[in-house]
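Structure first, then comments.
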Amino acid sequence: MELTVWGIITAIVVGLIVGALGRLVVPGRQNMPIWLHMLIGIGAALLGTVLARAIGIATETSGVDWGELLVQVVVAAIAVALVAGVGRRRHVTR
């Protein structure tokens, strides 16, 4: 895997999209700022790529790798649910 400027820019753009999709996949309302979803999406895109390559789903294609994208969205949804759940527990009302 070659790390180029375009590769980094692509990872950021894909991460933003994955973060938005992760937010849509998680049911209920998440009281999180949008920048946190974007940050989670970028991390999920990178981690999802690593996981997809480790289990052999990711392939070198000239188009969209749907299997890798699915892994990225699942990782983003799990991360959004975890972060939203942690934030929900801290704001206990009595």
Side-chain angles (χ1 to χ4, degrees):
M1 182 172 116
E2 187 177 316
L3 189 63
T4 63
V5 173
W6 284 113
I8 293 170
I9 292 170
T10 303
I12 290 171
V13 170
V14 168
L16 298 176
I17 295 167
V18 166
L21 290 174
R23 182 177 186 155
L24 292 174
V25 170
V26 176
R29 185 162 190 246
Q30 300 92 33
N31 291 326
M32 297 168 43
I34 192 68
W35 64 264
L36 187 55
H37 285 281
M38 292 178 185
L39 196 62
I40 289 171
I42 292 170
L46 296 173
L47 182 61
T49 298
V50 170
L51 287 175
R53 289 182 184 204
I55 59 177
I57 293 175
T59 58
E60 295 297 325
T61 61
S62 60
V64 176
D65 188 353
W66 294 106
E68 182 178 352
L69 183 62
L70 179 66
V71 172
Q72 291 171 337
V73 171
V74 168
V75 170
I78 291 169
V80 166
L82 288 174
V83 172
V86 168
R88 197 174 301 135
R89 287 191 192 111
R90 284 190 300 175
H91 298 276
V92 176
T93 58
R94 295 178 189 219

Approximate separation, where rounding is to 0.5 Å, of Leu46 CG and Ile42 CD1 = 8.0 Å
Trp35-Ile40 co-clustered via ILVMFWY side chain contacts under 4.5 Å = yes
For residues 14-21, which side-chain N or O atoms pair as donor and acceptor with protein atoms under 3.5 Å away, sequence neighbours left out?
none

request  = Run through Leu51, Val50, Leu70 and flag the one making a side chain to side chain contact (heavy atoms under 4.5 Å, CB included) with Val75.
outcome  = Leu51
ask   = Tell me, which pairs form a side-chain hydrogen bond (donor to acceptor under 3.5 Å, both in side chains) where one or both residues lie in residues 71-82, sequence neighbours left out?
value = Thr49-Gln72
query = Residues two or more places apart in sequence or in another chain: which of them pass side chain to side chain contact (heavy atoms under 4.5 Å, CB included) with Ile78?
reply = Val74, Leu82
